[in-house]
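Below is one structure; the comments refer to it alone.
Just so it is clear, the model here is predicted, and its values are computed rather than measured.
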Amino acid sequence: MLSSVPRALRTAGTALAAWTPLRWGAAAGGAALTALLVGLPTAVIPNPLFSRMTPTPWWNHPALAATAVLAGIVIATYVRTPAALRASCSASIGGVLSFLAVGCPVCNKFVLIALGTSGALGVWAPLQPFLALASVALLAVAAVKRLDGEIACRTPVQDAAPAA
C-alpha cells in the first residue's frame, strides 16, 4: 500500500503538469469559493456577519488555506472528466471536517447541545486540530486519486460531432 504512494504522487504531478489554463482557473475559483464557504461562517475570515466567541487559534489559517487549495484541485478535476465516487466521498468528508475543525467550538450549536459549554471548550476544542489534519489528509487523498485516475484511466478524446 505505502509503496504505491510515490507512484500515485508522481502520476498526480504528471496530471497537474498537463492541466490547461481552464483547469487552473477552475482550481483557483474552487479554492477561493471553498475559502469563503468555510472561512466566513467560522469567522476565520473576519466579516461583519459572523463572529467568534473564542479567539481564532493560529492553526486555523493554515488549515483553511490547505483545505481551500486541495478542494480547488479536487473541484478542477471534474472539469471535462468523469467523476470518481471514492474521491468525491473523501473530498466531501474532508470538507465537512474542515468546517468543524476551524469553527468556534462555542458557536457550534450541535457541540453545545451534545457537550455543553465546558465540554465544547474542554473536549471539542482540543480535538479540532486533529479534525483539521484528518480533513487535509482526506482532501489530499481525494486529490491524488482524482489526478491519478486522469493518467491511469485516460480515455481517448472523441469528436463532439452530432450523430446523424
Does the side chain of Asn60 come within less than 4.5 Å of Gln128's, by heavy atoms?
no
What's the shortest heavy-atom distance between Thr42 and Val38, and which atoms?
OG1-O, 2.6 Å
Is a side-chain N or O of Ser135 found less than 3.5 angstrom from the main chain of Leu131, in a donor-acceptor match?
no
Evaluate side chain to side chain contact (heavy atoms under 4.5 Å, CB included) for Leu147 paired with Leu16, printing each intermediate quantity in order.
CA-CA 7 Å; Leu147 293 167; Leu16 285 172; 3.8 Å; yes
Met53 and Leu121: same hydrophobic cluster, using ILVMFWY side-chain contacts below 4.5 Å?
yes
Specify the closest pair of heavy atoms between Ala43 and Thr56, including all atoms of both residues, with the distance to one decimal.
O-OG1, 3.9 Å
First locate atom CD1 of Ile75, then atom OG1 of Thr77, and finally report the distance between them rounded to the nearest 0.5 Å.
9.0 Å
Should side-chain heavy atoms under 4.5 Å link Ile, Leu, Val, Met, Phe, Trp and Tyr, which residues sit in the same cluster as Leu49?
Phe50
Single-linkage hydrophobic cluster Val69~Trp24, side-chain heavy atoms < 4.5 angstrom:
yes
For Trp59, which residues count as a ring-ring contact (aromatic ring centres under 6.0 Å, His included) partner, sequence neighbours excluded?
none
Give every residue pair that meets the ring-ring contact (aromatic ring centres under 6.0 Å, His included) criterion with at least one member in residues 119-142, sequence neighbours excluded.
none
Would Leu97 and Val123 show up in the same hydrophobic cluster when neighbours are defined by side-chain heavy atoms closer than 4.5 Å?
yes
Between Pro57 and Arg52, what is the shortest heavy-atom contact and its length?
CD-NH2, 3.8 Å
Closest heavy-atom contact between Val74 and Leu139?
CG2-O, 4.0 Å
Closest approach of Ala143 and Ile73, non-hydrogen atoms and distance?
CB-CG2, 4.0 Å
Do Leu40 and Val44 sit in the same hydrophobic cluster, where Ile, Leu, Val, Met, Phe, Trp and Tyr count as joined when their side-chain heavy atoms come under 4.5 Å apart?
yes
If hydrophobic clusters are built by linking Ile, Leu, Val, Met, Phe, Trp and Tyr wherever their side-chain heavy atoms come under 4.5 Å apart, do Leu64 and Leu33 end up in the same one?
no
Minimum heavy-atom distance between Ala132 and Ala101, given as atom pair plus value:
N-CB, 3.4 Å
Kindly compute the distance separating CG (Leu70) from OG1 (Thr67), expressed to the nearest 0.5 Å.
7.0 Å
I'd like to know if the side chain of Asp148 reaches the main chain of Ala8, judged simply by a donor and an acceptor atom lying under 3.5 Å from each other, with no hydrogens or angles considered.
no
